[in-house]
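Remember, it's 1-based here, ligands and their atoms both numbered in the order they're listed. As the structure is a computational prediction, the values presented were derived from the model and not from experiment.
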Amino acid sequence: MISKKMQEAINAQINAEMWSAYLYLAMSMDANDKGMKGVAHWYRKQYEEEMEHAFRFVHYLEEQLARVELKPIEKFKTSWKNMAEMFDETLAHEKVVTGLIHKLCDLAAKEKDYATANMLQWFVNEQVEEEANAAELIETAKCIGNDKAAFYMFDKELAAR
Ligand code: FEO
């Protein structure tokens with residue numbers, strides 16, 4: 001069994017993952033409104049991934065016979081100036097999430113909660129990938145600049161995710 005404190009911390013992380021999901025769904029809808037269909041698709045997939053993250057934690061709490069408590073989702077913005085701003089904020093958001101995962105790891109280590117520490121390893125690795133993906137989007141957007149033909153190709157590529 002996990003501690004009450006760990007149960008609360010994981011419930012907070014479920015909320016953070018769903019908050020991430022909502023944010024990416026908002027980005028997807030904004031990109032769609034702006035005619036960036038591939039970008040919209042990429043963020044829709046990202047939304048689905050975040051919900052999978054949330055459910056990994058839900059299943060873990062259920063396995064540990066701990067209570068899942070769904071909390072209200074924090075407010076977030078729903079419109080972005082352009083894709084560069086969207087990508088920058090995606091990386092910034094993922095860095096926040098990485099920090100949250102690392103805090104959970106600190107708590108698991110402090111409590112000598114080896115089962116939770118082991119479960120969290122998947123998330124530690126996942127965050128490396130999440131940050132790398134966002135950083136790649138930023139780099140590509142920088143290379144594209146105002147080149148409409150290059151953006152068209154990039155948008156098509158993202159649609160294949
Ligand atoms: Fe669930 Fe993008 O971290």
E8 side, atom CD; L107 side, atom CG - distance, nearest 0.5 Å: 10.5 Å
Atom 2 (Fe) of ligand 1 neighbourhood, protein N/O/S only, threshold under 2.8 Å: E50 OE2, E94 OE1, E94 OE2, E130 OE2
Check: F57 ring centroid to F123 ring centroid under 6.0 Å: yes
Donor-acceptor side-chain pairing of S20 and H93 below 3.5 angstrom: yes
Side-chain (T140) to main-chain (E136) donor-acceptor, under 3.5 angstrom: yes
Option passing side-chain hydrogen bond (donor to acceptor under 3.5 Å, both in side chains) with Y60 (candidates E62, E63, Q64): Q64
Pairs touching residues 89-113 that satisfy salt bridge (charged side-chain N to carboxylate O under 4.0 Å, His left out), sequence neighbours left out: K77-E89
